[in-house]
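Written below as structure tokens is the structure these notes are about.
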Amino acid sequence: MDSEEIRSAKASLEKAIQSKNTETMLDIMSRLRTGVVATEELLKETRLGLVVGKLRSYPNEKVNELARDIVKKWKTDVSRGRPLKATTTGGTNGASPASKGAGIGTPTQRQAQSQSSNGQRTFKSDNVDVNLTDDKIRNNCVGLIYNALAMDTDADSSVILKRAVAIDAQVLARASGNTGSEYRNRMRSLYMNLKDKSNPKLRASVISEDISAQRLSNMNSAELASEDRRKEDAKLEQENLFHAQGAKPQKAITDLFTCGKCRQKKVSYYQMQTRSADEPMTTFCECVVCGNRWKFS
Ligand SMILES: [Zn+2]
């Protein structure tokens, strides 16, 4: 089917849906099933995915079964249509993550460390003193970052401590030397991302300094996210091809958020339920000054 045929088939399908003519619907759908090789562009342009996607909950069983079948096939088509994107987001940089700064400890030291990590390797189990400043908050944060970084590495404790201290310094500088909420939120967010079990690459890259402390402190949530999370986001994006979105969420401008790039407080945002209903809303932010975008939930 060429795009003209597809367009007219879609129009006939919509008509058949309106007049509840299931025979005609099934007939058109079977033609679409065999005649259409879906691409993202095609589905966006014709909005055909939305029409068929909706039919997945159509009260006639034959119709909704066929609709599900078509959507499944088209999803496969779409993901086949962008294998390049999939491999590049698969992360080609840093072929051997743990290669650089990791091998500093002597073999015996490393063995001892991995033995003690049967529980979890922490600054305590490494006998590392994190009380390097007279600010309790900072010392705590350095300890947390240390524990996150130490999780699954055999890097020498002095290396891990150095990275944690550098991260503290960068985030503190970013927060104008204050350990207020900006510093604390940032450190908490870095800690959560660094200790994420599905994100070993982030830890390894920080330890090897493939990602410097400075760069880490400026990364947005999408950059920090694990491969799994990125795949999930891509899936969600794909699912949107088949889901009619209601009225566009209202955007509002607030001074509650600070742009991580230009430090201005003119941020437009909206909230949306992106995952299941019992999980928190995702907030999508865009800096109206420099266009920097990020999201959190
Ligand atoms: Zn900005």
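All ligand and atom numbering here is 1-based and tracks the order in the structure.
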Margin query: Could you work out, with ring pair (Phe, Tyr, Trp, His ring centres under 6.0 Å) as the rule, every residue matching Phe257, not counting sequence neighbours?
Written below: Tyr269, Phe296
Note to self: When you measure from the side chain of Asp168 to the backbone of Ala164, do you find a donor-acceptor pair of N or O atoms at a distance under 3.5 Å?
What the structure shows: no
Item checked: Number of protein N, O or S atoms [distance to the Zn ion (ligand 1) under 2.8 Å] -> 4
Check: Does atom CE of Met192 have more than 12 heavy-atom neighbours from other groups under 6.0 Å away?
Finding: no
Next item on the list: List for me each residue that meets side-chain contact (heavy atoms from CB on, under 4.5 Å) alongside Ser217, sequence neighbours excluded, and say none if there are none.
Entry: Gln170, Val171, Arg174
Note to self: According to side chain to side chain donor-acceptor pair (under 3.5 Å), does anything in residues 59-71 pair up with another residue at least two apart or in another chain? List the pairs.
What the structure shows: Arg33-Asp69, Asn64-Arg68
Check: Are Arg215 and Glu209 close enough for a salt bridge, meaning some N to O gap below 4.0 Å?
Finding: no
